[in-house]
Amino acid sequence: MAEPRVVLSAANVSVSYRIGSRKFGSFKEFVLSRLRGESNDLREFHALSDVSIDIGAGHCVGLIGHNGSGKSTLLKVLAGILRARDGRINVNGRMTSLIELGVGFDSELQARDNIYLGCSLMGFSRAEIDAHFDQILDFAQLRDFMDFPLKNYSSGMYARLGFACATAFNPDILLVDEVLAVGDEAFQARCHKRINELKSKGSGIVLVTHDMGAVQQFCDSVCVLDHGKLVYQGTPQEGIARYRSLIGVQ
Amino acid sequence: MEYVVSQQSRGHRLELVKLLIRRDLKVRYRGSFLGYLWSMLNPLLMMTVMTVVFSHAMRVDLPNYPIYILSGLLAWNMFSQSINLGVRSFVDNAALLKKVRIPSWIFSSATIGSAFVHACFAFVPYIVIALATGFSFSVGLLQLPLVMLLFYLFVQGVVLMIATLNVFFRDVGHVVEPILQIVFYASPVLYPVSALPEKYRVLLDFNPVSHYLRGFRSALYSFPILTVADWSAMAAISAFSLFLGSWVYNRGRDRFLYYL
């Protein structure tokens, strides 16, 4: 089998925060501590160290690891939200990130305005949203409720609209953070179908999750993170075993 | 680090700013009975009070004083609302900035845009009062778009700077209000420049807002047509403000996420 085209690659990515022993909430504290000559001894915290991954077209890569292992940080760096200290990231194509469903929705507005607002925040143009508008409404099954302000929606309806917006555009790359378990079973089944559809159309997918069932269901390969380091990259079976031994669960 | 994107879609940012402005305007008067009318009634009310106070108590004697006040308030409201809301534009949108890849300046522009649109509602009472008092519009009105553009650039620079600083030191948000008060009374919004003693008038030149006020008054009140010197002053202040604002913003933007 030929190697698929790489749609997203990260090379030697490192993220570190400097955590001061004190935090300056205000200018007063900042000046006072300087006047007193107190040193704000900074501790370097390595959220990610030297991580490299490639995501091929039509491939789904699972990111797993314990809480605080750096999964979400890596996803944010891939999405271009967080700036890494070192490394290089190449994005070949349109990318959508699903770090939270319904980002940018305004609860006072109706579904229509929110679709335009949410999709526009994800970087899609008016013309593109026009073209996918009906598809989004139908997928979310909210046509009957499109004139209601979002504050009257149930949380499931809200999530459905968010998922529909993010996956409508056949992105080349889709980044997903733990949001697949939304809505009722029927909607979940349609979400799963949609993810598989995107995969078969050639979208490269990165899935951050604690749900090993989802990993087995969708992922072609798995990356295991441990304290910011990539400790395993390979098949889902072995990755899951590795992850479980790391967190001490059999 | 390097972040390389092969297919960049930058063209939609203006559309996004427009959508954000529309959202602001739609949400603003939800649940209020008079809705947008408030944006027109407020300057009218202010004008009435100020006309009574200044022309009777302070003996200001200007022709068409209500128009003088309305034109000043129009510009001032653009400025004060932009600053008041703009200073928080990054902090208020922290939830979004943490979850979508979007340049943060967009939120500052949208906030200023919506403050400007909002202040423009005051054109309605302006026109009504102008017609009622028999004020004759001059060709100076044609200067208005360019004056407003330069004013916008000036405000954008200021907001970029204070909104960035506010991310690192939340004090900035608190100090803005008293400073606005001082600038309000230090600017000829309600009183004519001639009401100031001769020796203080020179100081007005150091107040950037006063230069734009002259521009607005030249367009909306019977001030003389702007000279090359007037235009240069406005252009220079706008350019400087935008330069300083962008510089501060560019230095801070990559660290926002750690402070928001």
Side-chain angles (χ1 to χ4, degrees), chain A residues 7 9-15 17-19 23-30 76-100 103-104 106-110 113-114 116-129 149 172 177, chain B residues 1-32 91-104 106-107 110 165-175 250 252-260:
Chain A
V7 286
S9 77
N12 312 103
V13 169
S14 296
V15 174
Y17 307 83
R18 261 192 248 146
I19 307 178
K23 224 180 181 177
F24 304 118
S26 76
F27 193 64
K28 184 190 81 183
E29 291 168 32
F30 177 73
K76 280 186 179 175
V77 171
L78 291 174
I81 298 167
L82 197 70
R83 214 180 145 75
R85 195 193 57 194
D86 288 313
R88 185 186 166 85
I89 287 164
N90 273 304
V91 184
N92 299 311
R94 296 295 292 272
M95 179 160 69
T96 316
S97 48
L98 254 179
I99 289 175
E100 189 182 290
V103 172
D106 192 301
S107 60
E108 293 286 339
L109 298 176
Q110 300 163 354
D113 292 322
N114 273 311
Y116 278 93
L117 198 58
C119 295
S120 187
L121 282 165
M122 286 189 284
F124 297 102
S125 70
R126 195 176 174 83
E128 284 172 295
I129 305 167
D172 298 304
D177 192 351
Chain B
M1 92 166 255
E2 280 180 272
Y3 193 89
V4 186
V5 181
S6 66
Q7 287 167 271
Q8 187 74 287
S9 51
R10 287 174 180 279
H12 318 310
R13 294 191 176 157
L14 197 63
E15 285 176 9
L16 179 55
V17 171
K18 273 196 251 170
L19 279 171
L20 289 170
I21 293 175
R22 271 230 322 249
R23 175 195 67 174
D24 273 6
L25 294 177
K26 273 193 178 175
V27 170
R28 190 161 200 153
Y29 287 119
R30 270 294 145 101
S32 79
V91 174
D92 282 353
N93 287 294
L96 270 174
L97 290 171
K98 284 180 190 173
K99 273 154 202 154
V100 252
R101 178 162 190 253
I102 196 155
S104 36
I106 283 197
F107 294 107
L165 293 175
N166 192 38
V167 173
F168 301 107
F169 300 108
R170 301 291 149 95
D171 307 68
V172 178
H174 299 290
V175 88
N250 281 326
R253 58 189 296 183
D254 287 336
R255 285 181 294 144
F256 280 177
L257 240 50
Y258 302 117
Y259 289 84
L260 284 174

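Here is the naming used below: chain letters follow the sequence lines, and residue numbers restart at 1 for every chain.
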Please walk me through it: do A:Ile81 and B:Leu257 pass side chain to side chain contact (heavy atoms under 4.5 Å, CB included)? CA-CA 8 Å; A:Ile81 298 167; B:Leu257 240 50; 3.6 Å; yes
To the nearest 0.5 Å, what is the distance between [atom1] ([X]) and [atom2] ([Y])?
X: A:Leu121; Y: B:Ile102; atom1: CG; atom2: CD1; result: 4.5 Å
X: A:Ser120; Y: B:Lys18; atom1: OG; atom2: NZ; result: 10.5 Å
X: B:Arg101; Y: A:Met95; atom1: CZ; atom2: CE; result: 6.5 Å

Under the 3.5 angstrom rule, does the side chain of B:Glu15 hit a backbone N or O of A:Arg126 as a donor-acceptor pair? yes
Could you check if a side-chain atom of A:Val77 sits within less than 4.5 angstrom of a side-chain atom of B:Tyr3, using non-hydrogen atoms only? no
Could you check if a side-chain atom of B:Val4 sits within less than 4.5 angstrom of a side-chain atom of A:Val91, using non-hydrogen atoms only? no
[X] portion near chain B, given a 4.5 angstrom heavy-atom threshold:
X: A:Val7; value: neither
X: A:Leu78; value: backbone
X: A:Ser125; value: both

Salt bridge (charged side-chain N to carboxylate O under 4.0 Å, His left out) against A:Asp113, all qualifying residues, sequence neighbours excluded: B:Arg22, B:Lys26
Between A:Ile99, A:Leu98, A:Asn114, A:Asp106, which residue shows the highest count of heavy-atom pairs closer than 4.5 Å to chain B? A:Asp106
Ion pair A:Glu100/B:Lys99, N-O distance below 4.0 Å: yes
Heavy-atom cut-off 4.5 Å, strictly under: side chain, backbone, both or neither for B:Leu165 against chain A? neither
Which atom pairs, one a donor and one an acceptor, fall under 3.5 Å between side chains of residues 83-90 of chain A and the rest of the protein, sequence neighbours left out?
{"unit_1": "A:Arg83", "atom_1": "NE", "unit_2": "B:Asp254", "atom_2": "OD2", "d": "3.4"}
{"unit_1": "A:Arg83", "atom_1": "NH2", "unit_2": "B:Met1", "atom_2": "O", "d": "3.4"}
{"unit_1": "A:Arg85", "atom_1": "NH1", "unit_2": "A:Ser16", "atom_2": "OG", "d": "3.0"}
{"unit_1": "A:Arg85", "atom_1": "NH1", "unit_2": "A:Glu44", "atom_2": "OE2", "d": "3.2"}
{"unit_1": "A:Arg88", "atom_1": "NH1", "unit_2": "B:Glu2", "atom_2": "OE1", "d": "3.0"}
{"unit_1": "A:Arg88", "atom_1": "NH1", "unit_2": "B:Glu2", "atom_2": "OE2", "d": "2.7"}

